[in-house]
Amino acid sequence: MKLGSSAFWDDFFRLHNTATETVLKRGLWFGAFALAVGAVEVASHTSIAIPIAPFEVAGAALSLLLVLRTNAGYDRWWEGRKLWGGIVNQCRNLTITALAYGPEEAEWRWAVAGWTAAFAHAARRSLRGERELPELAELLGDAEAARIAAADHMPGYVSSRIAALLRQAADAGQLDRFGFLQADRERATLIDHLGGCERIAKSPLPKAYGIEIRRFLIIFLLVLPFELVDKFDESLAIFVTPILTMLIAYPILALDEIGSQLQQPFSSTSLNHLTLDELCATIERNVLALAEGGAKPQP
């Protein structure tokens with residue numbers, strides 16, 4: 001992340017991955033409508049303006065609704081980030097505990113680390129509704145990746161394989177009871193964190209709430225030019241009215257879009273989604289580094 005004055009101007013002019021990229025066309029549409037209102041005012045030489053008082057009340061109410069919606073969306077985004085922070089920590093804890101108390105065999109150590117890293121990848125793909133698993137084919141082999149992709153719940157399948165590895169070592173007397181219980185508790189907590197993420201992904205804000213906000217927003221911006229058009233001389237009204245309408249519409253439309261996009265923090269198509277690819281890469285790098293006590297076996 002850049003700091004200083006250069007970052008300030010970079011953010012000002014940036015279009016990619018911002019609400020501006022999405023709402024610009026909508027703002028131009030409202031500007032065109034305002035231009036038509038100004039043209040009618042000038043051509044008819046008759047005032048078609050309406051009082052400003054209703055806009056003061058409606059604008060305050062609309063602002064409050066948009067802020068509440070944006071805050072609700074941010075709460076979902078932040079909760080998702082905290083849950084994934086828990087997944088990162090639990091993957092590390094699970095690997096450290098299993099390797100510290102488990103057998104010294106390189107194959108078993110790499111299996112535990114590999115399946116733990118696979119859990120993060122499977123969770124990310126599951127939350128995004130994806131079944132292509134190229135990173136798991138590289139980690140575990142094509143056959144295992146195909147089995148995971150065919151599972152009804154991919155992270156659950158991966159978690160069951162981790163549990164099987166822990167039980168295998170415990171039954172062989174190579175993982176003591178304390179180590180087994182501690183590692184299995186970490187594994188179960190991973191499922192708890194994933195369940196919280198699935199709750200966010202499958203329970204967006206009520207659709208009716210968003211629909212009514214957008215109806216209110218559209219009506220407000222359509223009526224706005226009728227309030228602005230008589231504030232200027234006829235020679236200026238046709239030019240200034242659409243400009244002011246677009247300037248007022250931009251922050252309103254941007255807040256609406258941000259609030260809508262924040263509802264889906266795990267989707268790769270969502271604006272400013274959580275960087276799950278980077279988080280999964282970090283998990284994989286960390287847990288595999290912990291297992292480097294022996295040679296990595298071939299899948």
Side-chain angles (χ1 to χ4, degrees), residues 72-102 111-131 133 135-136 139-140 144-145 147-170 175-205 262-268 270 273-288 290-291:
Y74 180 77
D75 285 343
R76 293 166 58 84
W77 185 91
W78 182 237
E79 184 182 2
R81 182 60 186 89
K82 290 191 292 184
L83 289 168
W84 265 89
I87 289 175
V88 172
N89 290 336
Q90 296 306 137
C91 285
R92 292 168 177 160
N93 288 337
L94 170 58
T95 306
I96 291 171
T97 302
L99 299 185
Y101 294 100
V112 168
W115 281 99
T116 302
F119 179 89
H121 290 298
R124 168 172 56 90
R125 296 290 188 180
S126 178
L127 290 171
R128 292 177 175 175
E130 300 170 349
R131 290 280 172 171
L133 308 172
E135 56 282 320
L136 296 191
L139 264 175
L140 306 171
E144 289 292 3
R147 294 188 188 98
I148 296 171
D152 180 65
H153 187 249
M154 295 189 295
Y157 176 84
V158 174
S159 181
S160 70
R161 293 300 300 269
I162 297 173
L165 285 169
L166 297 176
R167 180 175 180 178
Q168 172 192 341
L175 178 63
D176 65 57
R177 198 65 184 169
F178 171 80
F180 173 79
L181 292 175
Q182 184 66 26
D184 198 59
R185 185 180 299 113
E186 304 291 355
R187 178 197 61 78
T189 306
L190 281 175
I191 294 294
D192 291 340
H193 288 317
L194 177 61
C197 294
E198 290 174 339
R199 170 176 47 81
I200 294 173
K202 296 178 181 179
S203 303
L205 295 177
L262 285 174
Q263 293 185 55
Q264 296 296 338
F266 310 118
S267 172
S268 58
S270 179
H273 58 272
L274 292 173
T275 56
L276 300 188
D277 293 348
E278 289 79 358
L279 291 175
C280 290
T282 298
I283 292 171
E284 179 179 339
R285 184 176 64 253
N286 292 165
V287 299
L288 292 183
L290 291 170

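Quick caveat: nothing in here was measured; it's all calculated off a predicted structure.
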**Item:** Derivation and outcome, side chain to side chain contact (heavy atoms under 4.5 Å, CB included), residues R124 and E135
**Value:** CA-CA 11 Å; R124 168 172 56 90; E135 56 282 320; 3.5 Å; yes
**Prompt:** side chain to side chain contact (heavy atoms under 4.5 Å, CB included) between R125 and L133: does it pass, once the steps are laid out?
**Reply:** CA-CA 8 Å; R125 296 290 188 180; L133 308 172; 3.5 Å; yes
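- A heavy-atom distance below 4.5 Å is not found between the side chains of W84 and N89.
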**Request:** Carefully, step by step, assess Q182 and D176 under the rule side chain to side chain contact (heavy atoms under 4.5 Å, CB included).
**Result:** CA-CA 10 Å; Q182 184 66 26; D176 65 57; over 6 Å; no
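- Side-chain polar atoms of H273 and Q264 form no donor-acceptor pair below 3.5 angstrom.
- With values rounded to the nearest 0.5 angstrom, I162 atom CD1 is found 6.5 Å from L190 atom CG.
- Annotation for G80 and I200: closest pair N-CD1, 3.7 Å, computed over non-hydrogen atoms.
- The OG1 atom of T95 sits 8.5 Å away from the CG atom of L288 when rounded to the nearest 0.5 Å.
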**Prompt:** Given E278 and R285, is the salt bridge (Lys or Arg N to Asp or Glu O under 4.0 Å) satisfied, shown in steps?
**Reply:** CA-CA 10 Å; E278 289 79 358; R285 184 176 64 253; over 6 Å; no
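- Shown here for G196 and L83, the closest heavy-atom pair between the two residues is C-CD1, 3.4 Å.
- Between L127 and A201, the shortest heavy-atom distance links the atoms CD2-CB, 4.4 Å.
- Using a 4.5 Å heavy-atom cutoff, the side chains of R128 and S268 are in contact.
- In summary, D192 and R185 do not engage in a salt bridge, as defined by a charged side-chain N under 4.0 Å from a carboxylate O.
- Atom CG of L276 is separated from atom SG of C197 by 8.0 Å, given to the nearest 0.5 angstrom.
- With sequence neighbours left out, the salt bridge (charged side-chain N to carboxylate O under 4.0 Å, His left out) criterion links E186 to no other residue.
- Distance check: H121 NE2 to L136 CG gives 6.5 Å after rounding to the nearest 0.5 Å.
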**Request:** Assess whether side chain to side chain contact (heavy atoms under 4.5 Å, CB included) is satisfied between L279 and I87, documenting all intermediate values.
**Result:** CA-CA 9 Å; L279 291 175; I87 289 175; over 6 Å; no
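- Under a cut-off of 6.0 angstrom, the local environment of CZ in R167 is sparse, with at most 12 non-hydrogen atoms contributed by other residues, nucleotides or ligands.
- Closest approach of P155 and L194 over heavy atoms only: CB-CD2, 3.2 Å.
- Taking R147 as the reference, E144 meet the salt bridge (charged side-chain N to carboxylate O under 4.0 Å, His left out) condition, with sequence neighbours excluded.
- Side-chain atoms of E198 and H193 form no donor-acceptor pair, as typed in the model, at a separation below 3.5 Å.
- In this structure, Q90 CD and I191 CD1 are separated by 11.5 Å, a value rounded to the nearest 0.5 Å.
- Distance alone, capped at 3.5 Å, places no donor-acceptor pair between the D184 side chain and the F180 backbone.
- Of the possible donor and acceptor atoms, one in the side chain of R76 sits under 3.5 Å from a partner among the backbone N and O of S203.
- Rounding to the nearest 0.5 angstrom, the gap separating the CZ atom in F119 from the OH atom in Y157 is 14.5 Å.
- Contact detail for I283 and C91: the closest heavy-atom pair is CG2-CB, 3.7 Å.
- Side-chain N or O atoms of R187 include none that pairs as donor or acceptor with a backbone N or O of L94 at under 3.5 Å.
- In terms of heavy atoms, A117 sits closest to V287 at CB-CG2, 3.8 Å.
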